[in-house]
Amino acid sequence: MSLYPILLNLKEKEVLVIGLGKVGTRKTMGLLNTGCKLTVMGKNQEKLNMALSERKSRKSNLIENILPFIDFRKNDFEIGKDEDILRGKTLIFVCTSDKDLNEYIALKAKDLGILCLRADEGMDSDFINPSVIEKEKLIISISSSGNSPAYSRLVKEMLEDIVSGLDTDSIELMGRAREKIKKMNIKDNEKRELLKRLPFMNKEELKSYEDNCGNKG
Ligand SMILES: C[C@@]1(CC(=O)O)c2cc3[nH]c(cc4nc(cc5[nH]c(cc(n2)[C@H]1CCC(=O)O)[C@@](C)(CC(=O)O)[C@@H]5CCC(=O)O)C(CC(=O)O)=C4CCC(=O)O)c(CCC(=O)O)c3CC(=O)O
Ligand SMILES: NC(=O)C1=CN([C@@H]2O[C@H](COP(=O)(O)OP(=O)(O)OC[C@H]3O[C@@H](n4cnc5c(N)ncnc54)[C@H](O)[C@@H]3O)[C@@H](O)[C@H]2O)C=CC1
């Protein structure tokens, strides 16, 4: 059996992170730019607050737009009392240091048909986070299928130099040219050839499609 790689569009989706220590904070920070409706839960929010203020000092506009929409629940999850918070979520990240509680929440999520990541038991999770290299719109996900996160991190470090040399500014330009080309009044096989050539076009050629369909349509 193998894991199935996908990239999720979480815009407007409800996502819950329970337990805000080192791992819960890392997972929360990774969710900030996804446009999801984020709820974070745990009495101890010190690490998260530190990470948020550090991010605020670097990218103030961005974080100020996001912060008011996060639902901060400043209590620990209590069995028999807090189950309602799980309802309606698309994803749950359970990252507490209490193994029995993590297991309980993962089982409840299963009953509700919600995908759950258990930070302490990768192999028992419905999904896991890969190590990620992100440059502009290029996303490279690396996973050891849960076997060794440290190995994923090492491979990421090995690939980072190659990725830093790529001209990723052109990706959005390719996207706009592609939309125009798809609407051009030419034969389907000509369209396909043009679309396949996008990564090899220079910026001027890409812009010519973006501006006026390359005067070919
Ligand atoms: C299954 C998975 C589920 C998930 O959390 O998504 C998982 C599970 C566990 N991680 C553990 C430990 C560590 N995790 C890291 C780091 C990262 N862990 C991440 C992902 C994943 N970790 C998923 C599999 C990914 C894959 O397929 O390779 C990364 C890539 C992404 C992210 O978290 O965002 C991020 C690197 C980000 C980056 O820098 O690129 C480090 C290293 C470090 O901190 O530097 C260590 C210590 C070294 C070691 O143990 O290897 C433990 C044992 C805890 C314990 O000992 O109690 C478990 C539990 C278990 O063993 O199942
Ligand atoms: N998936 C991964 O990448 C990694 C997973 N882990 C595992 O993840 C778990 C958490 O690790 P860390 O974040 O390093 O620990 P941590 O001790 O920094 O954080 C655990 C947090 O859970 C909170 N917590 C405890 N009971 C709670 C409850 N009932 N409700 C809400 N919050 C509660 C604690 O207050 C604390 O803030 C551990 O089981 C660890 O083995 C550890 C390292 C990496």
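Since the model is a prediction, treat every value here as computed from it, not as a measurement. Atoms within a ligand are numbered from 1 in the order they appear, just like the ligands themselves. Here, residue 1 is the first one in the sequence, and each next residue gets the next number.
- Proximity of atom 61 (O) of ligand 1 to the protein is not indicated, since no non-hydrogen protein atom lies closer than 4.0 angstrom.
- Remark: ligand 2 and I18 share no N or O pair separated by less than 3.5 Å (distance only, no angle test).
- In K47, the part holding a heavy atom less than 4.0 Å from any atom of ligand 2 is the side chain.
- Using a 4.0 Å cut-off between charged side-chain N and carboxylate O, R58 and E54 make a salt bridge.
- At the shortest separation from atom 35 (O) of ligand 2 among protein heavy atoms lies N44 CB, 3.6 Å.
- Selection from N102, V23, L20 by nearest heavy atom to atom 44 (C) of ligand 2 gives V23.
- Residues K108 and I92 have side chains not in contact (no heavy-atom distance under 4.5 Å, counting atoms from C-beta outward).
- Just one residue in the list L31, L48, V15 forms a side-chain contact (heavy atoms from CB on, under 4.5 Å) with V40, and that residue is L48.
- The nearest protein atom to atom 10 (C) of ligand 2, hydrogens excluded, is given as C95 O, 3.6 Å; this is a heavy-atom distance.
- Contact annotation: the side chain of T96 never approaches that of D76 to less than 4.5 Å [non-hydrogen atoms, C-beta and beyond].
- When the options S97, G21, G146 are ranked by their closest heavy atom to atom 34 (C) of ligand 2, first place goes to S97.
- Shown here, atom 23 (C) of ligand 1 is in close reach of the protein: a heavy atom of it lies under 4.0 Å off.
- An N or O contact shorter than 3.5 Å is missing between N75 and ligand 2 by distance.
- L115 and L16 fall into different hydrophobic clusters, where Ile, Leu, Val, Met, Phe, Trp and Tyr are joined by side-chain heavy atoms under 4.5 Å apart, directly or via other members.
- Protein heavy atoms come within 4.0 Å of atom 40 (O) of ligand 1.
- Of the charged side-chain nitrogens involved, none lies within less than 4.0 Å of a carboxylate oxygen, so that D82 and R73 do not count as a salt-bridged pair.
- For E172 (side chain) and D169 (main-chain N/O), no donor-acceptor pair under 3.5 Å exists by modelled atom type.
- The shortest side-chain heavy-atom distance between Y209 and L194 falls under the 4.5 Å cut-off.
- Panel note: side chain K191, backbone K182; a donor-acceptor pair is recorded below 3.5 Å.
- Between A119 and ligand 1 there is a heavy-atom distance shorter than 4.0 Å.
- Remark: R176 does not engage E179 in a salt bridge, criterion side-chain N to carboxylate O under 4.0 Å.
- The closest protein non-hydrogen atom to atom 39 (O) of ligand 2 is D120 CB, 3.3 Å.
- Taking atom 42 (C) of ligand 1 as the reference point, the nearest protein heavy-atom neighbour is R153 NH1, 4.0 Å.
- Between G146 and ligand 1, at least one pair of N/O atoms sits closer than 3.5 Å.
- In this structure the side chain of E205 reaches within 4.5 angstrom of the side chain of R197, judged on heavy atoms.
- For atom 3 (C) of ligand 1, the nearest protein heavy atom lies under 4.0 Å away.
- Counting heavy atoms from C-beta outward, N33 and I66 have side chains that approach closer than 4.5 Å.
- The closest protein non-hydrogen atom to atom 12 (C) of ligand 1 is P149 CG, 4.2 Å.
- A salt bridge links E157 to R153: at least one charged side-chain nitrogen sits closer than 4.0 Å to a carboxylate oxygen.
- R26 NH2, 2.7 Å is the protein heavy atom nearest to atom 3 (O) of ligand 2.
- Here the side chains of K203 and D167 are in contact, with some heavy-atom distance below 4.5 Å.
- For K27, no nitrogen or oxygen atom sits less than 3.5 Å from a nitrogen or oxygen atom of ligand 2, counting backbone and side chain alike.
- Hydrophobic clustering, with ILVMFWY side chains joined whenever heavy atoms are under 4.5 angstrom apart, groups I142 together with I162.
- Counting protein heavy atoms only, atom 25 (C) of ligand 1 is closest to N129 O, 3.4 Å.
- Residue, atom and distance of the protein heavy atom nearest to atom 30 (N) of ligand 2 are F77 N, 2.8 Å.
- Contact annotation for S152 and ligand 1: only side-chain heavy atoms (C-beta onward) come within less than 4.0 Å of the ligand.
- When distances from atom 32 (C) of ligand 1 to the protein are checked, a heavy atom turns up under 4.0 Å.
- For ligand 2, one of its N or O atoms has an N or O atom of A119 under 3.5 Å away.
- Formation of a donor-acceptor pair under 3.5 Å by the S144 side chain with backbone atoms of N147 is found in this model.
- In this structure, the protein non-hydrogen atom closest to atom 48 (C) of ligand 1 is A150 CB, 4.3 Å.
- If you look at V23 next to ligand 1, there are no close heavy atoms at all, none under 4.0 Å.
- A donor-acceptor pair under 3.5 Å links the side-chain atoms of K135 to the main chain of L166, judged by distance alone.
- Note on I114: it clusters hydrophobically with M41, by side-chain heavy-atom contacts below 4.5 Å among ILVMFWY residues.
- At least one heavy atom of S145 sits closer than 4.0 Å to an atom of ligand 1.
- Here E78 has no heavy atoms under 4.0 Å from ligand 2, in either its backbone or its side chain.
- Here the protein heavy atom with the shortest distance to atom 31 (C) of ligand 2 is D76 OD1, 3.3 Å.
- The closest approach between R118 and ligand 1 stays at or above 4.0 Å for every heavy atom of the residue.
- Atoms of ligand 1 found under 4.0 Å from any heavy atom of G122 (numbered from 1 in listed order, with element): 1 (C), 60 (C), 62 (O).
- When the salt bridge (Lys or Arg N to Asp or Glu O under 4.0 Å) test is applied to K37, the partners found at least two apart in sequence or on another chain are E12.
- Interface atoms of ligand 1 facing S131, defined by a heavy-atom separation under 4.0 Å, are 30 (C), 38 (C), 40 (O).
- Looking only at heavy atoms of the protein, atom 27 (O) of ligand 1 is closest to S143 OG, 2.6 Å.
- Here the side chains of I181 and L198 are in contact, with some heavy-atom distance below 4.5 Å.
- For ligand 1 and S144, the ligand atoms under 4.0 Å from any heavy atom of the residue are 26 (C), 27 (O), 28 (O).
- Counting heavy atoms closer than 4.0 Å to ligand 1, residue R26 contributes side-chain atoms (C-beta onward) but none from N, CA, C or O.
- Put simply, atom 56 (O) of ligand 1 has no protein non-hydrogen atoms near it, under 4.0 Å away.
- Selection from S131, G19, G42, S125 by nearest heavy atom to atom 23 (C) of ligand 2 gives G19.
- Closer than 4.0 Å to atom 14 (N) of ligand 1 lies at least one heavy atom of the protein.
- The shortest N/O to N/O separation between L101 and ligand 2 does not fall below 3.5 Å.
- Near E121, meaning under 4.0 Å from any of its heavy atoms, are these atoms of ligand 1: 62 (O).
- Note that atom 52 (C) of ligand 1 has no protein non-hydrogen atoms nearby, at separations under 4.0 angstrom.
- Between K27, K156, K22, M29, it is K156 that holds the heavy atom closest to atom 38 (C) of ligand 1.
- Here the protein heavy atom with the shortest distance to atom 14 (O) of ligand 2 is K22 CB, 3.6 Å.
- Of all protein heavy atoms, the one closest to atom 9 (C) of ligand 2 is T96 O, 3.6 Å.
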